[in-house]
*Asks:* 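Starting off with a structure, shown below.
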There are 2 protein chains.
Amino acid sequence: MKIKNDHNLDFALILANHGVSKTKFRINLLNLFYEKESLTVKEVMNKFSNLINKVTIYRALVSFEEKGLIHKVPSSNNIIRYSLCNSDECSASLHKHNHGHFICNNCNQTFCLENYKSPDIKPVDGFYINSLNLILEGYCKDCHLN
Amino acid sequence: MKIKNDHNLDFALILANHGVSKTKFRINLLNLFYEKESLTVKEVMNKFSNLINKVTIYRALVSFEEKGLIHKVPSSNNIIRYSLCNSDECSASLHKHNHGHFICNNCNQTFCLENYKSPDIKPVDGFYINSLNLILEGYCKDCHLN
DNA sequence: CAAAATAACGCAATTAAGTTGCGTTTATTT
DNA sequence: AAATAAACGCAACTTAATTGCGTTATTTTG
């Protein structure tokens with residue numbers, strides 16, 4: 001399988017720099033994250049036409065997360081979403097976006113809301129904070145009309 | 001089962017005002033939401049010493065949500081949490097808190113972070129927004145030490 | 001206030017997300 | 001190129017959440 005690379009990025013190199021094995025699947029998976037704001041296991045399975053075992057996908061996502069390539073995105077359904085880390089905002093121990101994310105409760109797509117700014121991280125006594133997310137939910141244009 | 005009522009509130013009346021049946025369990029469940037910042041099905045089961053069938057709990061939570069008593073709280077694990085609606089901030093179609101919520105990734109407890117203020121809801125073209133949540137995750141004092 | 005209608009409840013069975021173990025294959029290290 | 005380590009696929013498993021249905025409790029109404 002070959003996925004078009006619109007980003008002029010060397011995904012294999014990015015994986016290597018993060019200490020992640022450069023398998024064909026993982027290179028394509030990283031590419032996919034550069035094309036989609038966020039992904040669930042099911043969405044990844046569909047993108048790879050169910051040719052990749054779901055266990056492989058779960059383990060790749062865990063590996064990407066451990067190595068600081070992606071992070072979880074909270075949502076109020078019970079499906080785990082992952083989103084690419086932004087080097088400007090994420091570090092190994094602290095993940096945030098500077099903007100809100102909208103999750104459609106019908107189609108489950110996520111969208112960046114650039115004019116919703118997240119507050120800065122400030123220490124709170126007794127809490128070890130490692131992620132901050134501003135989450136908006138509802139219905140996107142397509143799903144609201146139907 | 002009888003749960004102490006620290007709030008001088010008539011839970012049966014609140015249920016009636018929202019069009020929810022006043023069963024013993026639902027009265028006690030509403031009381032519980034006034035005592036805990038947020039609850040999962042499992043936490044409710046434990047609080048009722050597993051005497052209430054889990055299906056009953058699921059259906060009660062769905063009913064409470066539909067009638068605008070509680071709303072879902074996003075988190076990045078895959079467990080659905082519910083939190084009491086605040087009449088100042090929530091309406092039937094729009095749920096928000098004016099402050100952030102911290103979820104411990106170990107014990108799963110939630111805590112209000114009053115000095116993290118949520119941004120105001122502003123309309124975004126093409127999106128029908130019905131909830132806004134500022135979610136912080138990490139480890140609480142107890143879990144960070146262990 | 002009693003009968004009819006409606007909704008909640010409990011049980012059993014099912015669906016679906018996510019996890020674990022293990023033998024095999026592929027990538028990385030030396 | 002050989003040795004080591006990690007990824008992969010399969011099957012089986014765990015757990016959260018859902019559905020159907022007969023029974024019990026609550027609400028409506030006449």
Side-chain angles (χ1 to χ4, degrees), chain A residues 1 10-30 32 38-67 69-82 103 105 108, chain B residues 1 10-30 32 38-67 69-82 103 105 108:
Chain A
M1 178 178 317
D10 186 338
F11 296 116
L13 185 63
I14 296 172
L15 290 177
N17 288 342
H18 284 81
V20 176
S21 294
K22 301 173 282 180
T23 68
K24 282 186 225 104
F25 166 63
R26 289 182 178 205
I27 290 168
N28 285 328
L29 179 61
L30 183 59
L32 203 55
S38 77
L39 291 164
T40 63
V41 167
K42 204 173 189 177
E43 288 166 6
V44 173
M45 286 181 76
N46 290 339
K47 280 282 180 182
F48 288 91
S49 310
N50 300 302
L51 295 172
I52 303 293
N53 191 282
K54 67 171 179 172
V55 177
T56 301
I57 298 171
Y58 277 105
R59 292 202 261 236
L61 293 172
V62 168
S63 172
F64 280 22
E65 189 191 23
E66 284 172 352
K67 301 299 168 55
L69 277 168
I70 60 174
H71 61 257
K72 287 180 185 169
V73 180
S75 68
S76 57
N77 60 24
N78 66 325
I79 296 164
I80 297 178
R81 301 199 74 84
Y82 286 96
I103 301 171
N105 286 329
N108 280 313
Chain B
M1 179 179 316
D10 187 336
F11 297 115
L13 185 62
I14 296 172
L15 290 177
N17 287 342
H18 284 81
V20 176
S21 294
K22 300 173 282 182
T23 67
K24 281 186 225 103
F25 164 63
R26 292 185 176 204
I27 290 168
N28 285 329
L29 179 61
L30 183 59
L32 203 54
S38 77
L39 291 164
T40 63
V41 166
K42 203 173 191 178
E43 287 166 6
V44 173
M45 286 181 76
N46 291 339
K47 279 283 180 182
F48 287 92
S49 309
N50 300 303
L51 296 171
I52 303 293
N53 190 282
K54 67 172 177 172
V55 178
T56 300
I57 297 171
Y58 277 104
R59 292 202 260 236
L61 292 173
V62 168
S63 172
F64 279 23
E65 189 191 23
E66 284 173 351
K67 300 299 168 57
L69 278 167
I70 61 176
H71 60 258
K72 289 180 183 168
V73 180
S75 67
S76 57
N77 61 24
N78 65 327
I79 295 163
I80 297 178
R81 302 198 74 85
Y82 286 96
I103 301 171
N105 286 329
N108 281 312

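Labels below follow one simple rule: chain letters A, B, ... track the order of the sequence lines, proteins then strands, and each chain is numbered from 1. Note that the structure is predicted; figures quoted are calculated from it, not measured.
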*Asks:* Under 4.0 Å from OP1 or OP2 of dA6(D): is there any side-chain N or O of Thr23(A) that close?
*Replies:* no

*Asks:* For Val20(B) and for Ile80(A), locate the closest nucleotide of DNA chain C by heavy-atom distance; then report the residue assigned to the nucleotide nearer the 5' terminus.
*Replies:* Val20(B)

*Asks:* So, do Asn28(B) and Phe11(B) sit near enough that their side-chain heavy atoms are less than 4.5 Å apart?
*Replies:* no

*Asks:* Taking the side chain as everything from C-beta on, heavy atoms only, tell me whether Phe64(A) gets closer than 4.5 Å to Leu29(A).
*Replies:* yes

*Asks:* Is a donor from one side chain sitting under 3.5 angstrom from an acceptor on the other, for Arg81(A) and Ser38(A)?
*Replies:* yes

*Asks:* Looking at Ser75(B) and Ile79(B), what are the two nearest heavy atoms and their distance?
*Replies:* OG-O, 3.6 Å

*Asks:* Return the 5'-most residue of the pair Lys22(B), Val62(B) with respect to DNA chain D, ranking by each residue's nearest nucleotide.
*Replies:* Val62(B)

*Asks:* How close or far is atom P of dA16(D) from atom CG of Asn50(B), stated in whole angstroms?
*Replies:* 12 Å

*Asks:* To the nearest angstrom, how far is Glu65(B) atom CD from dT18(D) atom P?
*Replies:* 10 Å

*Asks:* Is any side-chain nitrogen or oxygen of Ser21(A) closer than 4.0 Å to OP1 or OP2 of dA7(D)?
*Replies:* yes

*Asks:* Take atom NZ of Lys67(A) and atom C1' of dA7(D), then tell me their distance rounded to the nearest Å.
*Replies:* 12 Å

*Asks:* If the cut-off is 4.0 Å, is Tyr58(B) near the phosphate of dA17(D), judged by side-chain N/O to OP1 or OP2?
*Replies:* yes

*Asks:* Any side-chain heavy atom of Ile14(A) sitting closer than 4.5 Å to one from Leu69(A)?
*Replies:* yes

*Asks:* What is the distance, to the nearest angstrom, from the CG atom on Asn46(B) to the P atom on dA16(D)?
*Replies:* 11 Å

*Asks:* Please determine, for the side chain of Arg26(B), which listed nucleotide (dT28(C), dC9(C), dT27(D)) has the closest atom?
*Replies:* dC9(C)

*Asks:* Taking only N and O in the side chain of Lys42(A), is any of them less than 4.0 Å away from OP1 or OP2 of dA17(C)?
*Replies:* yes

*Asks:* So Leu61(B) and Leu39(B), do their side chains get closer than 4.5 Å, heavy atoms only?
*Replies:* no

*Asks:* To the nearest angstrom, how far is Asn28(B) atom CG from dC9(C) atom P?
*Replies:* 11 Å

*Asks:* Output a table of nitrogen or oxygen pairs between the protein and nucleotides 10-15 of chain C separated by less than 3.5 Å.
*Replies:*
| residue | atom | partner | partner atom | Å |
| --- | --- | --- | --- | --- |
| dG10(C) | OP2 | Thr56(B) | OG1 | 2.7 |
| dG10(C) | O6 | Arg59(B) | NH2 | 2.5 |

*Asks:* Just how far, in rounded Å, is P of dT18(D) from CD1 of Ile57(B)?
*Replies:* 13 Å

*Asks:* Of the nucleotides dT28(C), dA16(D), dG18(C), which one has an atom closest to the side chain of Asn78(A)?
*Replies:* dA16(D)

*Asks:* Minimum heavy-atom separation for Ser76(A) to Lys72(B), with atom names?
*Replies:* O-CD, 3.4 Å

*Asks:* Nearest whole Å is fine: how far is dC8(D) C1' from Leu61(A) CG?
*Replies:* 14 Å

*Asks:* Would you compute the distance between atom NZ of Lys42(A) and atom CG of Asn50(A) and round it to the nearest 0.5 angstrom?
*Replies:* 10.5 Å

*Asks:* Give the minimum heavy-atom separation between Tyr82(A) and Ile70(A), together with the two atoms involved.
*Replies:* CD2-CD1, 3.5 Å

*Asks:* How far does the helix from dC1(C)-dG30(D) to dT30(C)-dA1(D) bend, going by the axes of its first and last five pairs, to the nearest 10°?
*Replies:* 50°

*Asks:* Starting from P on dT26(D), measure out to NE2 on His18(B) and report it in whole angstrom.
*Replies:* 21 Å

*Asks:* Below 4.5 Å, heavy atoms only, C-beta onward: do Asn108(A) and Asn77(A) meet side chain to side chain?
*Replies:* yes

